[in-house]
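Everything on this sheet refers to the single structure shown next.
Sequence lines set the chain letters: A, B, ... in the order given, protein chains first and strands last, and positions in each chain run from 1.
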Protein chains: 2
Amino acid sequence: MRGVVLHAPGDVRVEHRDEPRIVHPTDAVIRLSAACVCGSDLWPYRGIERVAGPAPMGHEYVGVVEEVGRAVATVRPGQFVVGSFFASDNTCAICQAGYQSSCVRRQPIGAIGSQAEFLRVPLADGTLVATPDVPDADLVPGLLAASDVLGTGWFGALAAQAGPGKTVAVVGDGAVGLLAVLAARQCGAERIIAMSGHAPRQKLALGFGATDIVTTRGDEGVAEIRDLTDGLGAHSVIEAVGTQESMLQAIHSTRPGGHVGFVGVTHGVALDGMALFFSHVHLHGGPAPVRQYLPELIDLIWRREIDPGSVFDLELPLDEAAEGYRAMDERRAIKVLLRP
Amino acid sequence: MRGVVLHAPGDVRVEHRDEPRIVHPTDAVIRLSAACVCGSDLWPYRGIERVAGPAPMGHEYVGVVEEVGRAVATVRPGQFVVGSFFASDNTCAICQAGYQSSCVRRQPIGAIGSQAEFLRVPLADGTLVATPDVPDADLVPGLLAASDVLGTGWFGALAAQAGPGKTVAVVGDGAVGLLAVLAARQCGAERIIAMSGHAPRQKLALGFGATDIVTTRGDEGVAEIRDLTDGLGAHSVIEAVGTQESMLQAIHSTRPGGHVGFVGVTHGVALDGMALFFSHVHLHGGPAPVRQYLPELIDLIWRREIDPGSVFDLELPLDEAAEGYRAMDERRAIKVLLRP
């Protein structure tokens, strides 16, 4: 089959990879309907995260089940499924507490690579959720978003305790940040401040439910958030970038007693203990337990109550994945959908 | 009046200080019944926190109201009162959300100095809580503990979400750590693991409700906590020291999705963002909003349901404060009560 492989920073190729097959009885193999490039794929692409030899890429996926192992009970061939970027058993104590992305048996899909024609999904029963039927074509991008960026924005909003009466600020205008706006709106937040200096992203944020736009960043952005919140800071801040600057921007934009949900994969971040102590914020984040939210997210998308698929502003055949990476790296595209 | 002044690291003196008087109409002046030395007083005493010139010391206090400003409505001369270590108006949005120690008008009592005969308390209505009557002598140490170490342990337990069905670990066997054990017990925690290598402190911890003792620390202590919790880590961990080692010990002892309540004043702590991200813990802490808890804590002490005063294992006249500091610095005493 054809699949995306990263050979070195900036060197993405679509090449022949062995077709996956059932290895463990709990596996499923799916034929991908769509895959995509994630903001987190840019870390190794940019050389900020080290790559040891050629690495298959991609961890977001939707598709049709081709084959299941003999121990798989909840999905069957022919079903359209959405999965999360960490395979999980969904039965251990950590999964049961709602943290499937820290499942004691978790396996990163990114190490298997979903930017391909087929994907082996471990722990299929605990990882995949079938849609009610084969979806209309226009629903596929939204379902694909649920696999990571929507689920991650959702976790960010919940970790930040977005809800009625709250003012929520979102740091980061990538797909996760934009969908965190959508999630905060679904949580019933009163006011949602999107921080973005880019007109097309501001427009999407407003469409997803943002009530205010702040175009500045860093200390200047913090000052603007404070100006908008009686000098106190927002109740809830969602951090969807992962840099030192964005983490501090998030923490400093939050009022004492408020909540920071950080879901941007952190790189080079060191938090000063004393500053955190006196900030009085709640800090929670990490890899989103997408599996927990999939049934609810699929339902919202299926009933067309939300349209997270609109974050995909560029669609390419899988063979042109390299152009997809370039477009995201250069911020020409918010999120690139790949068609195998 | 006589009062404690720190001149330089290790140089604590009891000397003449001006008797306080009402400065603002919202002030009260109280005659101290008891004061004490805090673990956080040891940071400047040890020279880890810089002292700029002679500094009055102490921020924990109970006493009898001598005089109130004309705007004070809720306490009156003759009443016995307990106060918190940050004066707060108890009316701003931050106070109303339960974070009085980040009140927009907060003033640190430590800058005024409660290790003395008299103390001016700013924002008296928002800071002081009167007891039902003048307390019996044996209740005074417990009420004094409520002023900081009990309230701080309480906040630690709440920030760590200690509660029914939870396994709670406590890092630190100072007065705050020991009273965090008591707080976790009051919260209904199922299992409480005190981390202490000192027999007298272990005994106090068991008396306060600890079910298990772990004597090791650092990575070894983390491994023991994991052994006691099916390899997962505790649900709730209270950090009551404030060093890099203790913070990492706390975070690493917590299961994914669990809660770390950190209440040790942090010094020289830097948290790696990536490690925090993948730890999946909730992190919350800071200066305890003691004022929020005072009515409940006073009630529990008054009804003799809890006896936090037993953390005081050395009592000295105020004039011997220097010996009190030495005893705590050398860990000969857990907590020193000073009688003005």
Item to check | Heavy-atom contacts under 4.5 Å, residues 255-265 of chain A to chain B | outcome: A/Arg255, A/Pro256, A/Gly257, A/Phe262, A/Val263, A/Gly264, A/Val265

Item to check | Heavy-atom neighbours of B/Arg226 CZ exceed 12 at 6.0 Å | outcome: yes

Checklist outcome for this item: Whatever's closer than 4.5 Å to a heavy atom in chain A on B/Ser101 counts as both

Next on the checklist: Heavy-atom pairs under 4.5 Å with chain A - which of B/Tyr99, B/Phe277, B/Phe278 has more of them than the others?
Outcome noted: B/Phe277

Next on the checklist: What part of A/Ala270 gets within 4.5 angstrom of chain B, counting heavy atoms only: side chain, backbone, both, or neither?
Outcome noted: both

Next on the checklist: Tell me the closest heavy-atom pair linking B/Ser102 and A/His280, and the distance in Å.
Outcome noted: OG-ND1, 2.6 Å

Item to check | Separation of B/Ile94 CD1 from A/Asp230 CG (nearest 0.5 Å) | outcome: 10.0 Å

Checklist entry - What do you reckon, is CZ of A/Arg191 surrounded by more than 12 foreign heavy atoms closer than 6.0 Å? => result yes

Next on the checklist: Counting C-beta onward and ignoring hydrogens, is there a side-chain heavy-atom pair between A/Val104 and B/Leu232 closer than 4.5 Å?
Outcome noted: yes

Checklist entry - Any side-chain heavy atom of B/Leu276 sitting closer than 4.5 Å to one from A/Thr266? => result no

Next on the checklist: Once you measure the plane-to-plane angle for A/His282 and B/His284, does it fall in the parallel (<30°), tilted (30-60°) or perpendicular (>60°) bin?
Outcome noted: parallel

Item to check | Contacting moiety of A/Met274, where chain B heavy atoms sit under 4.5 Å | outcome: both

Item to check | Largest heavy-atom contact set with chain A, pairs under 4.5 Å, which of B/Ala159, B/Gly273, B/Gly231, B/Pro287 | outcome: B/Pro287

